[in-house]
Amino acid sequence: MVRAGLTTERLVRAGAELADEVGFDQVTVSALARRFAVKVASLYSHLKNSQDLKTRIALLALEEMADRAADALAGRAGKDALAAFADVYRDYARRHPGRYAAARYPLDPETAAASAGPRHSQLTRAILRGYDLAEPDQTHAVRLLGSVFHGYVSLESAGGFSHSAPDSQESWTRILDALDSLLRNWPTP
């Protein structure tokens, strides 16, 4: 008998909350069962295994971030759009560290293609239209932005900038200024 109130969606959301509390690597079906005070076996009618749970949390995180990014970009262009987009990732990582880590979880190609991952690329490309970059430079710029945003957020969340001046917010602002300048003056081969 399935415990009343347990659904796949509820379990995935609880798994995402657990990831934010204890870290994405610590999320398992067993940990989730303990959270609901049920036997592990009772969750298997909703989830295949811990990998399935982690994949579903990753999909949730990608969707949440894409929705936030789309909202932040509405009506913006150029540097304003670039900064709004970057801030979505940084703010999401601060508020939801486990979910942010989940968004980097490796997905199989079919799952990745059906996820919100391609929306992230489309949103980045929408920003880049304001910088008039043609292919393949647009793809290079998408990769650059993703690398800078993720790298900065990862280092900052690990405490990498907490022991030196200037403040990490000042660096973030300067980095966004530098990216805007680079994108406006993209080097030609």
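Residue numbers count from 1 along this sequence. Note: hydrogens, waters and symmetry copies are ignored here, and every other heavy atom, side chains too, is used.
- By the neighbour-count criterion of 12 heavy atoms within 6.0 Å, atom CD of E110 is sparsely surrounded, having that number or fewer from other residues, nucleotides or ligands.
- The backbone N or O of L6 lies less than 3.5 Å from a partner atom in the side chain of H46, making a donor-acceptor pair.
- No side-chain heavy atom of W186 sits less than 4.5 Å from a side-chain heavy atom of Y131.
- Remark: the backbone N or O of Q138 is not paired with any side-chain donor or acceptor of R125 at under 3.5 angstrom.
- Closest of all the heavy-atom pairs between N49 and D52 is OD1-N, 2.8 Å.
- Side-chain contact between V88 and D71 is absent, with no heavy-atom pair separated by less than 4.5 Å.
- We find the CG-CG distance between L62 and D67 to be 11.0 Å, quoted to the nearest 0.5 Å.
- With rounding to the nearest 0.5 angstrom, the CD1 atom of I127 is 9.5 Å from the CG atom of L183.
- Looking only at distances, no side-chain donor or acceptor of Y152 sits under 3.5 Å from a matching main-chain atom of S171.
- Aromatic pair Y100/H150: centroids less than 6.0 angstrom apart.
- With a 4.5 Å cut-off on side-chain heavy atoms, R90 and Q169 count as touching.
- Contact between I57 and A102 at its shortest, heavy atoms only, is CG2-CB, 3.7 Å.
- Across all non-hydrogen atoms, the minimal contact from A70 to R119 is CB-NH2, 3.9 Å.
- Separation of atoms CG (L18) and CG (L11) is listed at 11.5 Å; rounding is to 0.5 Å.
- Minimum interatomic distance between R68 and Y92 (heavy atoms only, all atoms of both residues): NH1-CE1, 3.2 Å.
- Once rounded to the nearest 0.5 Å, the distance linking NE2 of H140 with CG of L128 reads 12.5 Å.
- Electrostatic pairing of R95 and E64 does not count as a salt bridge here, judged by no charged N lying under 4.0 Å from a carboxylate O.
- In terms of heavy-atom proximity, S168 sits nearest to F161 at CB-CB, 4.0 Å.
- F36 has its side chain within reach of R10: a pair of non-hydrogen atoms, C-beta onward, lies under 4.5 Å apart.
- In this structure, R94 places its CZ atom where more than 12 heavy-atom neighbours from other residues, nucleotides or ligands lie under 6.0 Å away.
- Distance alone, capped at 3.5 Å, is enough to place a donor-acceptor pair between the T55 side chain and the Q51 backbone.
- Side-chain atoms of S115 come within 3.5 Å of backbone atoms of A112 as a donor-acceptor pair (strictly under, hydrogens ignored).
- Interatomic distance, CG of L43 versus CG of L53, reported as 9.0 Å (0.5 Å rounding).
- Closest non-hydrogen pair, L176 versus A86, comes out as CD2-CB, 3.6 Å.
- Put simply, CG on D80 and CG on L73 are 9.5 Å apart, with the number rounded to the nearest 0.5 Å.
- No more than 12 heavy atoms of other residues, nucleotides or ligands shown are found within 6.0 angstrom of CZ on R174.
- Remark: the backbone N or O of R99 is paired with a side-chain donor or acceptor of D20 at under 3.5 angstrom.
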